[in-house]
Every structure is written in structure tokens, then in C-alpha cells.
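Notes to accompany the following structure.
All chains are named by letter (A, B, ...) in the order of the sequence lines, taking the proteins before the strands, and each is independently numbered beginning at 1. Note that the coordinates shown come from a computational prediction; the quantities given were computed from them, not determined experimentally.
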Amino acid sequence: MEGTPMPPTFYEQPTLELAKALLGCVLVKETEEGIASGYIVETEAYMGPIDRAAHSYGNRRTKRTEVMFHEAGRIYTYVMHTHCLVNVVSGEREKPEAILIRAVEPLHGQELMEARRPGHVKKNWTNGPGKLTKALGITMEDYGGSYLQPPLMITEGYQPENISAGKRIGIDNTGEARDYPWRFWVSGNPYVSR
DNA sequence: TTCTAGATCGTCT
DNA sequence: GACGATCTAGAAA
């Protein structure tokens, strides 16, 4: 639980820079059951207005994407099928950009994660956007909050030696936007989704 | 190991 | 009423 929350200025860097800077940081979630956390090892950037694959494409502003238009460092959660996905809001106010956290490496509260992901080996607890939210206990109740304080926050971690970049995943029906190399992960880390 | 289909539900049209 | 920024199980090679 040691670890200082990243300062507000950390979130003010350009979205693509922030997506890389987030790698190695620690995502911490506090619940009544205890604290669970993990190193962020995979992210994906969504560039708002110009990104066909983003929910906020064309400045589409709805009840759902509202928080993306707020200041950087806010929490954007989205429900997909039966799963919940977490994003870090980026960009200035009125600039709907965000970064999806795709995978983390278990750190604290591993017995909690195991209890939440019964029947799975450790590697499969958090190696996917829908899986890590379940393992850490992140829900829609976190929507609109800030990563600067509990119950959900991002703290200092380590500096990854190498970072890889590639195409994003799961957005095959969105034209040329699917080829943008806006997915980043820690090279060689076994907890990335692919 | 790779792929195909079904589950399942809130949000937007 | 249609559609996913997904996951999992089960079948095929």
C-alpha cells in the first residue's frame, strides 16, 4: 500500500505519452474486503473526436461518455456485455480522450483476486480488461471519480525497461482506425492479454 | 494451439 | 430493437 498517488500534473501530458507513462504504475482498489492492487502492464489509447473506435468519436457526448469531457485523471468505467472496463480520462476539458487499462500484474491482495477468479491460474486473473476489473473489484460505482484518492487510485510503481507498441484489439469493425498503433505493453511481461 | 459461437445487458437509435 | 473497447467453453487440426 506504500506508494504515492501520481500528482495531477502526471495526467496532463499528451494522451499517447500518458498511455506509455502508465505502464509500471500501480492500480489500487480499496473495498470492504481489503485492498487489491497490480502493476499496469498493458494500455490502449482512444483519441476521441478523430478515432473511429472511440466511444467519443465525433465528439459524441452522451450520459455515458460525459466524464471523458472532464479534466484528466478522472475514472471512466464502461459496461460491456457482462463485464466492466476501466479507463483513465486524458486530454484537456472538452477533449474526450481516454486510456483503456487492458491488463495488470497482481501485486497486493492476491488472495482476494484468487477468491474473485475461482478455478483460474494466477496468469488468468488479470490479463484482460474485463478480467482485471473483476479481480480488483472495480465497478460502475467508480465511474466519474478521481485516481488521486481512494477507493480507486494510481500510485508510483517501477520504470519498465522496454515498451512495445502495436495495433489495438477487438475493434475490427471500425475501418482504418483499427490499424493505429495505439496499444502499449511492457515487453516480455507474461500478464499482457496477448 | 487456433478458431467459432453463445452468453447477456446497459445504452443509444 | 440492435449493438458492442469481452470472456469462456467446446470443437477442430
Side-chain angles (χ1 to χ4, degrees), chain A residues 11 14-16 18-20 22-23 27 29 36 38 40-70 72-91 95-106 113-145 147 152 154 164-186 190-194:
Chain A
Y11 301 96
T15 298
L16 292 177
L18 181 58
K20 285 181 278 192
L22 281 169
L23 296 175
L27 183 64
K29 168 69 180 184
I40 297 171
V41 296
E42 183 178 0
T43 59
E44 261 180 23
Y46 285 86
M47 302 297 281
I50 65 170
D51 187 354
R52 285 273 311 268
H55 294 149
S56 52
Y57 175 63
N59 277 318
R60 203 150 144 284
R61 186 169 191 158
T62 67
K63 182 181 178 184
R64 203 48 173 230
T65 60
E66 177 65 29
V67 76
M68 294 176 92
F69 291 81
H70 289 231
R74 299 284 283 251
I75 301 167
Y76 173 43
T77 50
Y78 172 78
V79 176
M80 163 83 173
H81 290 66
T82 56
H83 305 284
C84 186
L85 283 54
V86 242
N87 298 251
V88 177
V89 173
S90 178
K95 297 275 180 66
E97 301 177 355
I99 296 160
L100 169 67
I101 298 176
R102 286 195 61 87
V104 303
E105 175 182 340
M113 298 188 217
E114 184 166 24
R116 288 163 175 162
R117 308 265 318 138
H120 292 275
V121 295
K122 182 175 179 180
K123 183 185 170 185
N124 287 328
W125 292 351
T126 56
N127 66 338
K131 300 179 193 175
L132 75 90
T133 54
K134 190 166 188 181
L136 295 184
I138 297 170
T139 69
M140 283 305 292
E141 289 183 17
D142 291 305
Y143 179 92
Y147 285 106
L152 181 59
I154 291 174
S164 301
K167 296 178 184 178
R168 289 177 293 179
I169 291 175
I171 51 171
D172 292 339
N173 302 323
T174 46
E176 66 277 356
R178 76 175 144 173
D179 292 327
Y180 299 161
W182 291 346
R183 169 175 170 247
F184 306 96
W185 68 92
V186 177
Y191 295 93
V192 300
S193 59
R194 296 194 185 177

For side-chain contact (heavy atoms from CB on, under 4.5 Å), just list the numbers for A:L18 and A:T43, CA-CA rounded to whole Å, side-chain angles, deciding distance to a tenth of an Å, and then say yes or no.
CA-CA 10 Å; A:L18 181 58; A:T43 59; over 6 Å; no
Report the distance from atom CD of A:E44 to atom P of C:dG4, rounded to the nearest whole Å.
16 Å
Under the side-chain contact (heavy atoms from CB on, under 4.5 Å) test, residues paired with A:S164 that sit two or more places apart
A:W185, A:S187
Within residues 48-56 of chain A, those residues having any heavy atom closer than 4.0 Å to DNA chain C are A:A53, A:H55
Can you tell me how far P of B:dT1 sits from CZ of A:R194, to the nearest Å?
15 Å
In whole angstroms, how far is the P atom of C:dT6 from the CG atom of A:L100?
8 Å
Any residue meeting side-chain contact (heavy atoms from CB on, under 4.5 Å) with A:Y78, in chain and number order, not counting sequence neighbours:
A:H55, A:R64, A:Y76, A:M80
For every nucleotide of nucleotides 5-13 of chain B, 5' to 3': is a protein heavy atom under 4.0 Å from its base (B), only from its sugar-phosphate (S), or from neither (-)?
--BBSSSSS
Go nucleotide by nucleotide along DNA chain C from the 5' end; which of A:T174 and A:H120 gets its closest nucleotide reached first?
A:T174
Atom CG of A:L132 to atom C1' of C:dT6: distance rounded to whole Å?
12 Å
Rounded distance in Å - CD (A:E42) to P (C:dA5)
16 Å
Is the charged tip of A:R168 near the ring of A:Y46: under 6.0 Å from the six-membered ring centre and within 45° of its axis?
yes
Ignoring hydrogens and angles, tell me if any N or O in the side chain of A:T15 forms a donor-acceptor pair with the backbone of A:S90 under 3.5 Å.
no
With a 4.0 Å cut-off on heavy atoms, is A:Y76 in touch with a base, just the backbone sugar-phosphate, or nothing at all?
base
What is the distance from CE of A:M68 to P of C:dA5, rounded to the nearest Å?
12 Å
Checking A:L27 against A:L152 for the side-chain contact (heavy atoms from CB on, under 4.5 Å) test, could you report, in this order, the C-alpha distance in whole Å, the side-chain angles of both residues, the deciding distance, and whether it holds?
CA-CA 8 Å; A:L27 183 64; A:L152 181 59; 4.0 Å; yes
Run the numbers on A:E42 and A:R183 for side-chain contact (heavy atoms from CB on, under 4.5 Å), then give the verdict.
CA-CA 7 Å; A:E42 183 178 0; A:R183 169 175 170 247; 2.6 Å; yes
So what is the 5' to 3' dot-bracket string for DNA chain C, if pairs are Watson-Crick or G-U wobble with both distances under 3.5 Å, crossing pairs use [ ] and | means the partner sits on another strand?
||||.|||||||.
Could you give all pairs that pass the ring-ring contact (aromatic ring centres under 6.0 Å, His included) test and reach residues 122-143 of chain A, with sequence neighbours left out?
none
